[in-house]
**Student:** 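Below: one structure in structure tokens.
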Amino acid sequence: MINAILIFNNHGKPRLIRFYQYFAEELQQQIIRETFHLVSKRDDNVCNFLEGGSLIGGSDYKLIYRHYATLYFVFCVDSSESELGILDLIQVFVETLDKCFENVCELDLIFHMDKVHYILQEVVMGGMVLETNMNEIVAQVELQNRMEKSEGGLSAAPARAVSAVKNMNLPEMPRNINIGDLNIKVPSLSPF
Amino acid sequence: MSPSVRLQEMIRVIRSARTQGEERGVIQRECAAIRAQFRQADNGGRSHNLAKLLYVHMLGYPAHFGQMECVRLIASPRYNEKRVGYLGAMMLLDENQDASLLITNSIKNDLAHSSQYVQSLALCTLACMGSAEMCRDLAPEIDRLLRASSSYIKKKATLCAVHIVRKVPELGELFTPAARALLAEKNHGVLHGAVILITELCERNAQTLVQFREAVPELVHIMRGLVTSGYSPEHTVAGISDPFLQVRILRLLRILGRNNDTASDAMNDLLAQVATNTDSSKTAGSAVLYETVLTVMDIKSESGLRVLAVNILGRFLLNNDRNIRYISMTSLQKIVSTDHNAVQRHRGTIVDCLKDQDASVKRRALELSLALVSAINIRSMMKELLLFLSTCPPELKSHAASVTVIPLRQAGADVRDETVPNLIQLITNASQLHCYTVHKLYRALVADISQQPLVQVACWCIGEYGDSLLQGDCEETEPIQVTEDDILDALETVLQSHMSSPATRGFALTATMKLSTRITENVDRIRSIVSIYGSCMDVELQQRAVEYNALFKKYDHMRAAVLEKMPVMDRSSMGQTNGESGGGGVQELEPTKPKQPEMMVAPQPASQVGGGEGGGGHGF
């Protein structure tokens with residue numbers, strides 16, 4: 001089981017935090033600080049697995065992390081997950097973010113935190129790996145975004161739209177338009 | 001009412017704050033505005049406000065006032081608002097809060113919604129924070145969704161079922177038939193979830209495990225399909241077809257094949273095929289190979305296959321990629337208890353890894369080395385381990401105490417003489433570990449007093465750090481209640497046992513004496529012990545006892561000063577050991593005055609009987 005997924009930058013500022021086990025807010029921040037402290041000390045050429053944090057999960061867990069440019073992606077897992085598998089999963093997640101945001105960078109994660117959460121929800125659910133096929137994940141995210149957009153348009157300001165039309169000042173329309181031979185009768189329109 | 005500021009605007013404002021104080025001010029203003037807007041009735045920006053609150057929550061600011069808003073948003077008919085509401089519920093609520101009960105009804109309704117995306121939101125939230133009551137309420141719904149037509153929903157429902165089984169294990173029986181049926185799915189996502197569900201069910205219930213053993217041929221068939229299939233763009237990662245699913249199935253096969261011959265037989269061919277055909281040049285292939293190796297070692301496989309498996313691990317131990325070396329050591333750790341000899345073959349490489357730069361690799365190597373210590377290799381292992389201890393990073397020092405106890409226990413008498421003082425010196429250097437060390441050594445002493453080096457080190461530590469032992473609590477180990485009587489009993493047992501060598505007795509007597517300044521109540525008992533040995537047959541012991549008696553009687557005012565804690569020993573002073581009584585660092589003493597505590601090493605007390613140096617020669 002994955003206990004937590006943390007993304008923070010090189011200075012320890014959190015960009016996304018997701019815990020799959022309940023921790024009080026203070027403890028959450030402590031965990032982030034401790035994890036940053038452990039992970040930032042690592043060289044670039046050592047292995048991607050870390051043990052030794054004490055706040056989550058007791059002795060059965062480890063931190064699996066990957067460092068991309070300015071961001072650390074850290075997954076805290078217990079022994080029921082395959083370590084190399086999680087490494088690959090981090091890669092899948094990052095590639096998915098890349099596809100959804102087009103050349104994703106740290107600013108995208110900062111300003112679209114909610115979207116990143118929705119994408120993550122398609123990859124990991126309840127601490128378990130849900131889907132690993134990148135195309136499938138991206139397709140589902142697209143469909144959900146479309147649903148959100150369609151709703152947004154209709155319900156943006158329906159009241160205002162109705163009242164605006166009501167107040168529209170239509171000029172008086174002639175009853176009969178006489179253009180030579182043609183005789184067009186304009187039906188009378190009820191006011192709306 | 002001012003128009004609600006969007007999430008991005010707020011983030012921009014927060015980021016532009018130049019100091020922590022400024023940021024706090026901005027966030028407090030925003031939170032106040034959000035709180036005010038929550039109190040108002042319907043307004044268009046509800047989802048924006050909750051999103052802003054979640055951002056602020058991520059930065060560490062309190063957000064509990066948003067809990068009721070989450071409940072309200074979840075009940076909204078609009079997808080936008082539901083989405084943020086559910087996200088808020090997963091981040092802010094948990095089963096301990098009352099608000100979480102209020103969303104049970106909404107989840108129930110949404111599970112039956114016409115849109116599969118709304119259903120998926122409900123499933124996701126239930127899987128993340130569903131309490132036991134919610135799970136019990138909604139389990140039949142989940143069971144229905146396990147048979148839904150959409151694979152998207154089925155996939156999510158299976159993981160939701162896993163969560164339910166974890167919270168309420170009795171419901172496992174409800175999901176068993178559906179889980180079995182899901183093995184026939186073609187969609188990899190659903191299959192993956194189904195294997196996780198079956199694994200969870202089998203781990204919790206032995207009868208379910210027996211039931212699912214019948215599914216082994218089906219699982220083997222699926223695996224074979226994955227291994228032999230050609231390239232499929234959807235699932236292939238680095239040339240391996242859906243490695244995630246392969247790893248899951250291998251794990252399940254391990255559980256099903258354990259201690260069962262028929263199941264193990266059915267898997268043998270498949271495992272051999274996977275082990276030989278998988279390309280391990282990339283991480284994906286390595287992951288599959290490791291699972292295969294662990295499965296082979298855990299089930300009742302034939303010996304040829306086991307040899308193949310250990311060889312694969314050995315090969316990976318030499319790999320350049322540190323990740324793979326780390327993983328191979330983790331795997332070796334799992335099999336060292338069952339296949340000890342096979343792992344011993346790789347001892348050299350493992351001990352070399354103790355010198356690796358990477359702290360994680362070092363840690364793994366240390367644990368594995370400790371497991372490999374045996375009577376035969378104790379000498380070389382101790383040398384390596386002590387070298388490691390002196391240079392190891394601080395976070396691994398907590399393992400240091402294990403390093404002292406375990407090899408000593410194994411070694412028996414076969415430890416070189418310098419080892420005891422070397423160890424003692426290392427222990428004094430690791431000052432933050434004194435408490436932990438003395439606890440561990442006390443426990444070891446109580447369990448077994450036959451191993452002389454261990455008993456000597458234990459006595460020395462108890463004498464020095466007896467006060468921390470009496471305090472009882474120590475972070476790194478479970479607290480035990482040790483009374484002064486207990487400690488004195490232990491030391492007396494050592495003194496009286498026929499298994500104790502004269503040197504060990506000397507350690508024990510000195511430790512008893514030292515405790516007279518560390519404990520408060522039983523000083524009389526110590527006095528009586530010491531005076532008994534004043535007429536002991538062993539001359540060395542007799543001399544010590546007489547001198548300690550003198551410390552009690554004539555020089556009682558100096559006793560505290562004489563017996564205070566030892567200073568940290570300098571490495572160089574340890575160089576002169578055997579045979580020399582007054583090596584570097586040891587102060588020259590006048591024979592008549594009571595002796596100051598000094599640094600003395602290799603006790604060969606028998607050779608220093610009587611005379612001027614006698615007293616100084618053994619003072620610890």
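Proteins come first, then strands; the chains are lettered A, B, ... in the order of their sequence lines, and each starts at number 1.
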**Student:** Can you tell which part of B:Q8 gets under 4.5 Å to a heavy atom of chain A, answering side chain, backbone, both or neither?
**Tutor:**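 Contact with chain A: backbone and side chain both.
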
**Student:** Is the backbone of A:Y22 close enough, under 3.5 Å, to the side chain of B:D94 for a donor and an acceptor to pair up by distance?
**Tutor:**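 Judged by distance alone, no pair lies under 3.5 Å.
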
**Student:** Return the minimal non-hydrogen interatomic distance between B:L159 and A:M125, and the atom names on each side.
**Tutor:** CB-CE, 4.0 Å

**Student:** Which region of B:K156, side chain (C-beta onward) or backbone (N, CA, C, O), has a non-hydrogen atom less than 4.5 Å from a non-hydrogen atom of chain A, or is it both or neither?
**Tutor:** both

**Student:** Measuring heavy-atom distances to chain A, does B:H188 have an atom under 4.5 Å in its side chain, in its backbone, in both, or in neither?
**Tutor:** neither

**Student:** If I measure from the heavy atoms of chain A, does B:T158 come under 4.5 Å with its side chain, its backbone, both, or neither?
**Tutor:** neither

**Student:** Looking at B:R78 and A:E148, is there a salt bridge between them, counting it only when a charged N and a carboxylate O are closer than 4.0 Å?
**Tutor:** no

**Student:** If you measure from CG on A:D88 to OG1 on B:T283, what distance do you get to the nearest 0.5 Å?
**Tutor:**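 The distance works out to 5.5 Å.
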
**Student:** Hey, which residues of residues 106-120 of chain A are touching chain B, say heavy atoms under 4.5 Å apart?
**Tutor:**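 So far as heavy atoms go, A:L107, A:I110, A:F111, A:H112, A:M113, A:D114, A:H117, A:Y118 are the residues that approach chain B to under 4.5 Å.
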
**Student:** Would you say the side-chain atoms of B:R251 pair up with the backbone N or O of A:S80, donor to acceptor, closer than 3.5 Å?
**Tutor:** yes

**Student:** Is there side-chain contact between A:S82 and B:Y290, with at least one heavy-atom pair below 4.5 Å?
**Tutor:**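 They are not in side-chain contact.
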
**Student:** Considering only heavy atoms and a distance below 4.5 Å, find which of B:H64, B:R248, B:K282 pairs most often with chain A.
**Tutor:**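 Maximum pair count with chain A is reached by B:R248.
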
**Student:** What verdict does the salt bridge (charged side-chain N to carboxylate O under 4.0 Å, His left out) test give for B:E23 and A:K13, after you've listed the backbone C-alpha separation in whole Å, the side-chain angles of each residue and the deciding distance to 0.1 Å?
**Tutor:** CA-CA 13 Å; B:E23 179 185 290; A:K13 266 222 115 97; 3.5 Å; yes

**Student:** Taking A:F49's backbone N and O only, do any of them form a donor-acceptor pair with B:S360's side chain (distance below 3.5 Å, no angle check)?
**Tutor:** yes

**Student:** If you measure only the distance, is there a donor-acceptor pair under 3.5 Å linking the side chains of B:Y326 and A:E83?
**Tutor:**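 No, no side-chain donor-acceptor contact under 3.5 Å.
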
**Student:** Contact part of B:T330 toward chain A, heavy-atom cut-off under 4.5 Å: side chain, backbone, both or neither?
**Tutor:**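 The side chain, not the backbone.
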
**Student:** Decide whether B:Y86 and A:Q121 meet the rule of one side-chain donor and one side-chain acceptor closer than 3.5 Å.
**Tutor:** no

**Student:** Less than 4.5 Å to any heavy atom of chain A: does that hold for the side chain of B:L121, its backbone, both, or neither?
**Tutor:** side chain

**Student:** Which answer fits B:Y79, side chain, backbone, both or neither, if we ask what part of it has an atom under 4.5 Å from a heavy atom of chain A?
**Tutor:**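 Contact with chain A: backbone and side chain both.
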
**Student:** Under 4.5 Å heavy-atom distance to chain A, tell me which part of B:V84 shows up: side chain, backbone, both or neither.
**Tutor:** both

**Student:** Taking atom CD of A:E136 and atom OG of B:S151, what is their separation to the nearest 0.5 Å?
**Tutor:** 7.0 Å

**Student:** Between B:Y61 and A:Q29, is any side-chain donor less than 3.5 angstrom from a side-chain acceptor?
**Tutor:**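 Looking only at side-chain atoms, A:Q29 and B:Y61 do not form any donor-acceptor pair under 3.5 Å.
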
**Student:** Rounded to the nearest 0.5 Å, what separates atom CG in A:L143 from atom OH in B:Y117?
**Tutor:** 3.5 Å

